[in-house]
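Notes follow the structure.
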Amino acid sequence: MSCPEHEHHGHEGHGHEHSHGHGHGHKHHAYHTHEHHSEDGITITEHEGALIATVELKLIGAYDEIERDLAKRLERLARMIEDTGGVIGHIKASLFGGGMVSTLSTTGSSVAVSRGTDFSGRAEVAAIVLAISEERLYAAVANCVVKGRT
């Protein structure tokens with residue numbers, strides 16, 4: 001599945017070593033990444049063999065209900081990634097609104113939620129995964145997180 005609405009930035013992900021010639025006895029590593037941006041706000045970045053999908057959501061409703069719904073979306077995202085053969089490094093989200101802030105986090109089984117206080121009104125989600133195609137990761141984030149479907 002291809003996502004034709006993406007813009008391509010940067011270079012294909014690869015790493016290489018280089019020396020700066022200033023004689024301090026070690027090599028520097030440079031890693032190049034590329035990013036795909038979509039109309040629905042999902043950005044996919046490749047870095048050191050992993051894909052990182054990020055998206056910011058604008059959510060309206062009761063904070064407790066949004067927090068529960070976001071946890072369910074992350075659980076569905078984790079399940080979809082695993083069901084397609086992907087390996088989850090970490091999936092996390094921060095939910096801000098109504099004087100509250102929640103951090104949601106999973107590495108594949110259940111979603112842990114911790115709550116504190118803040119003042120904004122948005123959610124930021126990041127999924128760091130391996131062994132899955134960019135297209136499958138994009139579809140999983142779009143369906144499970146952005147649209148809230150299974």
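What you see is a predicted model; the values in this text were computed from it and never measured.
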- Note on the structure: The single option from Leu51, Ile132, Asp40, Asn143 that satisfies side chain to side chain contact (heavy atoms under 4.5 Å, CB included) with Tyr138 is Asp40
Which donor-acceptor pairs under 3.5 Å do the side chains of residues 81-91 make with protein atoms, sequence neighbours left out?
| residue | atom | partner | partner atom | Å |
| --- | --- | --- | --- | --- |
| Thr84 | OG1 | Met80 | O | 3.1 |
| Thr84 | OG1 | Ile81 | O | 3.1 |
| His90 | NE2 | Ser105 | OG | 2.6 |

Which heavy atom of [X] sits nearest to which heavy atom of [Y], and what is that distance?
| X | Y | answer |
| --- | --- | --- |
| Ile66 | Ile60 | CD1-C, 3.6 Å |
| Thr106 | Ala78 | CG2-CB, 4.4 Å |
| Ala93 | Val125 | CB-CG2, 3.8 Å |
| Leu70 | Ala123 | CD2-CB, 4.0 Å |

- Task: Look up atom NZ in Lys72 and atom CG in Leu104, then write down how far apart they are to the nearest 0.5 Å.
- Result: 13.0 Å
- Query: Which distance, rounded to the nearest 0.5 Å, do you find between the OG1 of Thr103 and the CZ of Arg115?
  - Reply: 11.5 Å
- Message: Assess the residue pair Ile44 and Val141 against the criterion (side-chain contact (heavy atoms from CB on, under 4.5 Å)); give the C-alpha distance rounded to whole Å, side-chain angles, the decisive distance to 0.1 Å, and a yes or no.
- Response: CA-CA 10 Å; Ile44 303 217; Val141 172; 6.0 Å; no
- Item | Sidechain-backbone polar pair: Asp69 side chain, Glu65 backbone, donor-acceptor under 3.5 Å | no
- Query: Are the side chain of Tyr63 and the backbone N or O of Gly99 linked by a donor-acceptor pair below 3.5 Å?
  - Reply: no
- Item | Minimum side-chain heavy-atom gap Met100-Glu67 below 4.5 Å | no
So if you build clusters from Ile, Leu, Val, Met, Phe, Trp, Tyr with side-chain heavy-atom gaps below 4.5 Å, do [X] and [Y] land together?
| X | Y | result |
| --- | --- | --- |
| Leu59 | Ile42 | yes |
| Val146 | Leu74 | yes |
| Ile52 | Leu77 | no |

- So Leu57 and Arg73, side-chain contact (heavy atoms from CB on, under 4.5 Å) or not? Walk me through it. CA-CA 12 Å; Leu57 306 171; Arg73 291 179 189 208; 4.1 Å; yes
